[in-house]
Structures are given as C-alpha cells and as structure tokens.
Amino acid sequence: ATHVRWAIEVCFNLGVRSGDSELLSLRWTDVDWEKQQVKVYGRKIKTYRVIPVKESFLNRLREVRATSQTEYIIEFRGRPVKRIQKAFRKACERAGIKYSVRMYDLRHMFATYMLSNGADLAAVSKLLGHSSVVMTANVYYQYLEGEKERAVALLPDIPQIGQAASAQAQPQA
C-alpha cells in the first residue's frame, strides 16, 4: 500500500515515533516550506521540536501534498490513518521480510545512521525529542563504534621528560 510506503519515508526522514503520538498526528500545517523544516509535537514529553529536512524530502512532501485530501500528512483513501502497525506488518510479509521488524525501528535507523556517520550526539538527541542527551547516549552509544578510540587519538603526544631536557640542552643557532 502506498500509504505505508509514504509513512516509512516520513519516519525515516523525520525520526518520529511511529504511532498516533507523532507520525499519524502530523499535519500539513506543521511543514514550514520556507524554512525547510517540520514541527513535531512530542506528546511523550509534551513539547514541540523542529526537524530540518533535506531538499529532496521537501520535494516529496510537495508531491504528496498536491494529491492529499486531508489535513494529515499520512492518509489512506482520503481519510486520516489512525493505526498503521497492521498494514506495516502485512507490507513486510508481502516484501518477504521474515524477521521481526517494527515501524519504530525506522526511528532507530534515523538515529543510528546519523550517529554512525559522525553526527553530534546532542543534535541527534534534539532531533529525536529526547528529554536529555544522557537518554540518547544510554540508548545509542553502543552504535558509535570506534568513538572512544577516535576520542583518545585526538590527544596530543606529551614529550618524555628525557626528550624535553635534551631538546632544551641543544644550543640555539
């Protein structure tokens, strides 16, 4: 079903929670076309967050908006979608996906893809709407392969005491 494909695309680009708390509550009025961003109300922490979007996704939003029949970004046959889990599960079956996968996994993909490609932890935390960076770090730090090694590699080498003394004993030219 095309509405499931579209919902997947929206989840992947915005990192929203996949149920009615965020994804299915998104309205066209939440899109700021000029600033290239989408305002998401996180019912879990009862605050708005702003998600910048790439030009390519903004173009997709425009395409879908042109044929939309409701005020909601996710709709099916001219009606807002109230639940999507069952349709998602059926789409996975039709696609031949045998392992357990949930719409919510797209939110994790959103975060892990950015973090594993060098995105700032605090920025990703804000995009996800987490109440603190600590929460994001606790959930996602395991995906930051090699970050501890990269951090240590940034330290400068300190000369050995013997090396420093012999360098000072050299006559100046």
Side-chain angles (χ1 to χ4, degrees), residues 1-92 100-145 147 151:
T2 57
H3 76 291
V4 175
R5 183 181 299 140
W6 173 238
I8 289 168
E9 195 173 337
V10 172
C11 276
F12 184 76
N13 280 279
L14 299 180
V16 291
R17 291 173 178 93
S18 58
D20 63 344
S21 68
E22 291 185 3
L23 173 68
L24 303 178
S25 298
L26 288 171
R27 299 169 193 254
W28 292 111
T29 54
D30 296 326
V31 179
D32 186 328
W33 304 97
E34 298 295 311
K35 294 182 181 173
Q36 288 191 224
Q37 55 193 25
V38 177
K39 189 167 66 171
V40 176
Y41 181 72
R43 284 200 307 210
K44 192 170 182 182
I45 59 170
K46 297 177 175 43
T47 58
Y48 280 97
R49 67 185 187 277
V50 174
I51 314 287
V53 294
K54 293 168 58 173
E55 182 74 34
S56 58
F57 183 61
L58 194 70
N59 290 335
R60 285 288 294 133
L61 284 165
R62 280 190 189 100
E63 284 174 27
V64 174
R65 177 70 183 113
T67 60
S68 178
Q69 299 173 42
T70 71
E71 64 183 307
Y72 291 91
I73 291 177
I74 307 297
E75 64 180 27
F76 180 65
R77 295 185 178 155
R79 296 181 131 150
V81 174
K82 301 290 183 212
R83 298 176 51 87
I84 199 154
Q85 301 306 349
K86 192 173 171 183
F88 179 76
R89 204 168 30 255
K90 285 186 188 264
C92 288
S100 175
V101 63
R102 308 162 303 158
M103 280 285 286
Y104 201 84
D105 294 332
L106 292 161
R107 180 171 162 82
H108 290 303
M109 266 180 64
F110 174 83
T112 56
Y113 188 84
M114 285 188 290
L115 290 169
S116 64
N117 283 287
D120 176 66
L121 184 64
V124 173
S125 183
K126 291 279 188 206
L127 290 168
L128 291 169
H130 284 170
S131 54
S132 74
V133 176
V134 172
M135 180 185 170
T136 312
N138 287 342
V139 174
Y140 293 101
Y141 195 80
Q142 70 219 31
Y143 299 107
L144 300 178
E145 191 70 38
E147 280 302 299

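The structure displayed is predicted, hence computed values, not measured ones. Counting begins at 1 with the first residue of the sequence. Below, all heavy atoms of this structure are taken into account, side chains as well, without hydrogens, waters or symmetry copies.
Within the model, atoms CZ of F57 and CD of E63 stand 11.0 Å from one another, a figure rounded to the nearest 0.5 Å. Of the inter-residue distances, the one linking M109 atom CE with S116 atom OG reads 10.5 Å to the nearest 0.5 angstrom. A distance of 10.0 Å separates CG of D30 from CG of L14, quoted to the nearest 0.5 Å. Atoms CD1 and CZ, from I8 and R5 in turn, are 8.5 Å apart once rounded to the nearest 0.5 Å. Here the CD-CD1 distance, from E9 to I74, works out to 9.5 Å after rounding to the nearest 0.5 Å.
Using a 4.5 Å heavy-atom threshold, the side chains of V16 and R49 count as touching.
In terms of heavy-atom proximity, V124 sits nearest to A119 at CG2-CB, 3.8 Å. Residues L23 and S18 share a closest heavy-atom pair of CD2-O, 3.5 Å. Residues G129 and R17 share a closest heavy-atom pair of O-NH2, 4.1 Å. When all heavy atoms of I51 and N13 are compared, the closest pair comes out as CG2-O, 4.3 Å. Listed here is the closest heavy atom pair of G15 and R107: O-NH1, 2.6 Å. Between I73 and W6, the closest heavy-atom pair is O-NE1, 3.0 Å.
The side chain to side chain contact (heavy atoms under 4.5 Å, CB included) test applied to S131 returns I45, M135, not counting sequence neighbours. For the side chain to side chain contact (heavy atoms under 4.5 Å, CB included) test, residues two or more places apart in sequence or in another chain that qualify with E34 are D32. Applying the side chain to side chain donor-acceptor pair (under 3.5 Å) criterion to Q37, with sequence neighbours excluded, gives no partner residue.
Using a cut-off of 4.0 Å between Lys/Arg side-chain N and Asp/Glu carboxylate O, D105 and R102 are scored as salt-bridged.
Identified under the salt bridge (charged side-chain N to carboxylate O under 4.0 Å, His left out) test for residues 77-86, with sequence neighbours left out: none. The salt bridge (charged side-chain N to carboxylate O under 4.0 Å, His left out) pairs that include a residue from residues 113-137 number zero, where partners must be two or more places apart or lie in different chains. Listed by first then second residue, pairs satisfying ring-ring contact (aromatic ring centres under 6.0 Å, His included) with a partner in residues 28-53 read Y41-Y48, not counting sequence neighbours.
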Criterion side-chain contact (heavy atoms from CB on, under 4.5 Å) on F88 and V101, from CA distance to verdict: CA-CA 9 Å; F88 179 76; V101 63; 4.2 Å; yes
Quick one: do I84 and F76 satisfy side-chain contact (heavy atoms from CB on, under 4.5 Å)? Show the steps, please. CA-CA 10 Å; I84 199 154; F76 180 65; over 6 Å; no
Could you go through V38 and V10, starting from their C-alpha distance and side-chain angles, then the distance that decides it, and tell me whether this counts as side-chain contact (heavy atoms from CB on, under 4.5 Å)? CA-CA 11 Å; V38 177; V10 172; over 6 Å; no
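Between the side chain of T70 and the backbone N or O of G78 there is no donor-acceptor pair closer than 3.5 Å. The main-chain N or O of V40 is never found under 3.5 Å from a side-chain atom of E22 such that the two would form a donor-acceptor pair.
Under 3.5 Å, the side chains of T29 and E71 contain no donor-acceptor pair of N or O atoms.
Taking the six-membered ring for Trp and thresholds of 30 and 60 degrees, Y140 and H108 have ring planes inclined between 30 and 60 degrees apart.
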